[in-house]
Each structure stands twice: as structure tokens, then as C-alpha cells.
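Notes follow once the structure below has been shown.
Please read these numbers as outputs of a predicted model, since none were measured by experiment. Residue numbers start at 1 and run along the sequence shown.
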Amino acid sequence: MDKNNETGGAFSPMTISEKDFKRMAQFMQSTYGIDLTQKRQLVTGRLSPAIRKLGYTSFSDFVNHVLEKKENDEITLILNKLTTNYTFFMREQEHLDYFTKNIIPEIVHRHQRDKSLAIWSAGCSSGEEPYNLTMLLYDYLGPQAKQWDTKLLATDISAQALAKAQKGIYTLPDTIPQEWKRKYFTARPDGTHAVTPEVRNNVIFKTFNLMDPIRFRRKFDVIFCRNVMIYFDQPTKDALVRRFYDATVPGGYLLISYSENLSQNSPYRRLATATFQK
């Protein structure tokens with residue numbers, strides 16, 4: 001069968017039947033919490049070129065294969081194409097200022113004895129957020145940082161994003177302070193910058209699906225989950241927030257993005273915009 005028959009051209013989106021779209025949407029919702037119900041055009045537009053490259057002649061064949069085999073490569077392809085791994089250093093600066101001025105001093109005071117912090121960047125994408133948080137912690141602790149366990153957990157469902165994050169090589173925006181460029185980055189010949197080993201080694205990257213039970217070794221002082229819940233419907237968000245709440249220490253914090261909010265029945269109390277406490 002000619003791969004272009006159903007589309008009228010190699011660059012046109014392939015069509016997807018209502019039945020196949022519903023099957024794919026239900027799978028993505030139940031497995032990853034991602035709500036595609038209003039995104040049919042996005043699905044066909046972003047996936048068509050990729051599944052043609054894999055040799056599929058129709059969406060029906062692709063959907064059948066994904067749902068029957070559940071192979072990592074095809075599922076990773078869907079996740080990478082349909083979620084936007086867009087992030088940058090110093091994102092939502094006011095948020096980071098609140099974290100620096102209010103949250104860091106409080107959790108450092110709380111952990112003066114054990115000198116061990118537990119912070120989770122959930123949906124860390126290409127790594128800027130957890131590295132950014134590390135730099136803020138190092139700035140605050142100064143010479144004492146070496147006496148503290150400040151290791152951050154950073155998770156994402158996208159293996160592609162995590163691979164970039166672990167390399168720690170970036171084109172830096174102008175918002176990065178010059179002092180940080182000197183202290184926390186190494187310039188490379190091609191104009192990019194690599195985070196220093198000290199910063200990179202402070203972050204533990206893991207693949208993790210936020211729909212799974214949260215069973216990490218420790219409960220968290222702070223959970224950052226910014227620009228992730230935009231992909232979820234309300235019941236999925238509410239269930240995730242309850243899991244976050246259970247995974248947070250009493251008095252711990254949840255920070256979401258400015259474009260998101262929690263339900264009125266959320267167990268957390270609101271401290272500031274997009275900032276909540278248990």
C-alpha cells in the first residue's frame with residue numbers, strides 16, 4: 001500500500017478514525033494521565049511524519065501495534081511528540097525568589113541537625129529546573145554547602161529529555177547571572193556551557209511516571225511540579241496532588257506553575273501564587 005494514499009501527500013497529516021483516536025486517548029489517559037480528548041489535530045500533525053518514518057501506512061496499524069505490544073520505543077515517541085519539553089533557567093523568577101527568601105531558610109533551619117534536604121523536581125524535562133535549584137541552594141549555604149546533603153531527585157517520563165538533562169550542556173539565556181556563569185558553568189568552544197560536575201552530581205535523574213504510586217525512600221521538604229499538570233484533566237490532577245500531599249513532610253511545600261492552580265478542596269494551604277504548604 002502506498003504510504004501517501006490516505007493523505008494525498010508525504011507531508012500531509014495522516015487521518016485517524018474516531019475509534020482509533022478514542023483508543024489512543026484512553027490509553028494515554030489511563031497510563032500517563034495525559035488528556036488528549038481535545039487534541040486530535042495535534043496528534044495527527046505531530047505523529048504523522050514520525051510514524052511514516054517507522055513504515056506504518058495508517059494510524060490504525062500504529063495504534064493497534066502500540067496497544068497490543070506496548071513497546072517502549074513507540075510509547076516514548078508518542079510522549080516526546082505530544083508533550084512539550086520546554087523549559088529554561090530562571091523560569092518564573094518570582095517563584096524562585098520566594099523559594100530563596102522564604103522556603104530555603106525555613107527548611108535549612110528545620111534540618112540544622114541532620115543537614116539533609118529532600119527536594120523533588122517532578123517533570124524536570126531537560127534539567128534546567130533541578131540545576132537551577134541546586135545553584136540557589138549553593139548560593140544560600142555558601143561554604144557550608146559541603147556539610148549538607150542537598151541532593152535533588154529529578155524525574156520525567158521522557159527518556160529523551162532525561163538524556164539531555166544528564167549531559168547538562170546548554171545555550172544560556174541572558175537571564176543567567178554572570179556570577180553563576182563563572183561559578184556553576186564551564187564555557188565550551190561551540191558557545192554552549194556545561195554545568196560543573198559539582199552541580200551535575202547534586203541531581204539524581206530517574207525515569208518516573210507521575211501516575212504511578214510515589215514510593216521514594218523519603219518524604220519531601222519541597223516538590224516542584226511546574227507546567228506538568230497542564231496535560232491532565234481535573235480528576236487526574238486532584239489524584240496526583242493527593243499523592244504529592246502524602247509524599248510531603250508536615251510543613252513541606254508544593255510549587256506548581258503560574259499557569260496552573262489547585263482545586264478548592266486541595267489538602268494543601270495556599271501561601272502565595274502557585275505556592276502551597278502541607
Side-chain angles (χ1 to χ4, degrees), residues 86-156 162 164-188 191-206 218-227 248-249 251-258 271-277:
Y86 175 67
T87 186
F88 49 91
F89 285 101
M90 313 302 280
R91 189 175 194 178
E92 297 180 338
Q93 178 72 52
E94 289 176 38
H95 228 184
L96 298 178
D97 289 345
Y98 189 95
F99 175 67
T100 304
K101 292 172 185 171
N102 299 281
I103 296 177
I104 296 179
E106 196 277 317
I107 60 176
V108 166
H109 177 74
R110 192 193 305 169
H111 287 284
Q112 272 301 323
R113 279 194 173 172
D114 64 4
K115 290 187 165 41
S116 180
L117 305 177
I119 299 173
W120 178 16
S121 170
C124 67
S125 187
S126 47
E128 286 92 332
E129 180 177 89
Y131 290 138
N132 212 155
L133 299 178
T134 293
M135 294 168 199
L136 292 170
L137 286 168
Y138 283 178
D139 270 7
Y140 182 83
L141 291 168
Q144 291 184 34
K146 290 181 170 57
Q147 300 167 26
W148 284 74
D149 176 3
T150 56
K151 276 195 165 50
L152 275 83
L153 174 66
T155 66
D156 205 277
L162 287 173
K164 181 178 179 185
Q166 286 171 315
K167 287 178 183 172
I169 296 170
Y170 303 98
T171 300
L172 296 184
D174 295 336
T175 50
I176 288 282
Q178 285 301 318
E179 185 187 1
W180 275 20
K181 283 187 181 178
R182 288 194 301 272
K183 282 167 62 177
Y184 301 129
F185 292 93
T186 303
R188 289 159 46 88
T192 60
H193 286 74
V195 293
T196 61
E198 181 187 24
V199 171
R200 195 170 64 244
N201 294 339
N202 192 61
V203 182
I204 300 165
F205 290 103
K206 286 185 183 297
R218 291 177 61 184
K219 290 187 185 292
F220 295 95
D221 297 301
V222 190
I223 298 174
F224 280 81
C225 186
R226 303 193 295 171
N227 300 291
T248 309
V249 300
Y253 302 86
L254 171 67
L255 287 84
I256 62 176
S257 82
Y258 282 15
L271 293 177
T273 305
T275 307
F276 303 86
Q277 187 174 32

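Of the inter-residue distances, the one linking D97 atom CG with I103 atom CD1 reads 11.5 Å to the nearest 0.5 angstrom. Between the OG1 atom of T150 and the CG atom of L117 there is a distance of 7.0 Å, given to the nearest 0.5 Å. The distance from atom CG of L271 to atom CD of Q277, rounded to the nearest 0.5 Å, is 5.0 Å. Residue T155 holds its OG1 atom at 12.0 Å from CD1 of I204, rounded to the nearest 0.5 Å. Between atom CD of residue Q166 and atom CZ of residue R200 there is a gap of 10.0 Å, rounded to the nearest 0.5 Å. With rounding to the nearest 0.5 angstrom, the CD1 atom of I107 is 12.5 Å from the CZ atom of F220.
Every residue meeting the ring-ring contact (aromatic ring centres under 6.0 Å, His included) condition with F224, not counting sequence neighbours, appears here in chain and number order: F99. Residues passing the side-chain hydrogen bond (donor to acceptor under 3.5 Å, both in side chains) test with R188, sequence neighbours excluded: T192. When the side-chain hydrogen bond (donor to acceptor under 3.5 Å, both in side chains) test is applied to N201, no partner is found at least two apart in sequence or on another chain.
H95 contributes no side-chain N or O that, together with a main-chain N or O of L255, makes up a donor-acceptor pair within less than 3.5 Å. Using a distance-only test at 3.5 Å, with no hydrogens or angles considered, no donor-acceptor pair links the side chain of R226 to the main chain of E129. Between the side chain of K101 and the main chain of Y98, no donor-acceptor pair closer than 3.5 Å is present. No donor-acceptor distance shorter than 3.5 angstrom exists from the side chain of D221 to the backbone of I119, with no hydrogens or angles considered. With hydrogens and angles ignored, the 3.5 Å screen pairs a side-chain donor or acceptor of Y170 with a backbone N or O of S126. Judged by distance alone, with hydrogens and angles left aside, the side-chain atoms of Y184 form no donor-acceptor pair with the main-chain N or O of T134 at under 3.5 Å.
Between W148 and H111, the shortest heavy-atom contact is CH2-O, 3.4 Å. Heavy atoms only, all atoms of each residue included: E106 and G251 are closest at OE1-O, 4.4 Å. Heavy atoms only, all atoms of each residue included: Y258 and A274 are closest at CD1-CB, 3.7 Å. Closest non-hydrogen pair, I176 versus K181, comes out as CG2-CG, 3.7 Å. Contact record, A154 with V203: CB-CG1, 3.6 Å, taken as the closest heavy-atom pair. Shown here for D156 and S125, the closest heavy-atom pair between the two residues is OD2-N, 2.8 Å.
At most 12 heavy atoms of other shown residues, nucleotides or ligands fall within 6.0 angstrom of atom NZ in K167. Heavy-atom contacts from other residues, nucleotides or ligands closer than 6.0 Å to NZ of K206 number 12 or fewer.
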Does the side-chain contact (heavy atoms from CB on, under 4.5 Å) test come out yes or no for C124 and L162, once each step is laid out?
CA-CA 8 Å; C124 67; L162 287 173; 3.7 Å; yes
Given the rule in the side-chain contact (heavy atoms from CB on, under 4.5 Å) test, do W180 and H193 qualify, once you have shown the distances and angles that lead to the verdict?
CA-CA 11 Å; W180 275 20; H193 286 74; over 6 Å; no
Apply the test side-chain contact (heavy atoms from CB on, under 4.5 Å) to residues N102 and T275: give CA-CA distance (whole Å), side-chain angles for both, the deciding distance (0.1 Å), then the verdict.
CA-CA 11 Å; N102 299 281; T275 307; over 6 Å; no
Step by step, would you call K183 with Y138 a side-chain contact (heavy atoms from CB on, under 4.5 Å)?
CA-CA 10 Å; K183 282 167 62 177; Y138 283 178; over 6 Å; no
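The shortest distance between side-chain heavy atoms of Y253 and I223 does not fall below 4.5 Å. R182 has its side chain within reach of E179: a pair of non-hydrogen atoms, C-beta onward, lies under 4.5 Å apart.
Two rings, from F205 and Y131, have their centers less than 6.0 Å apart.
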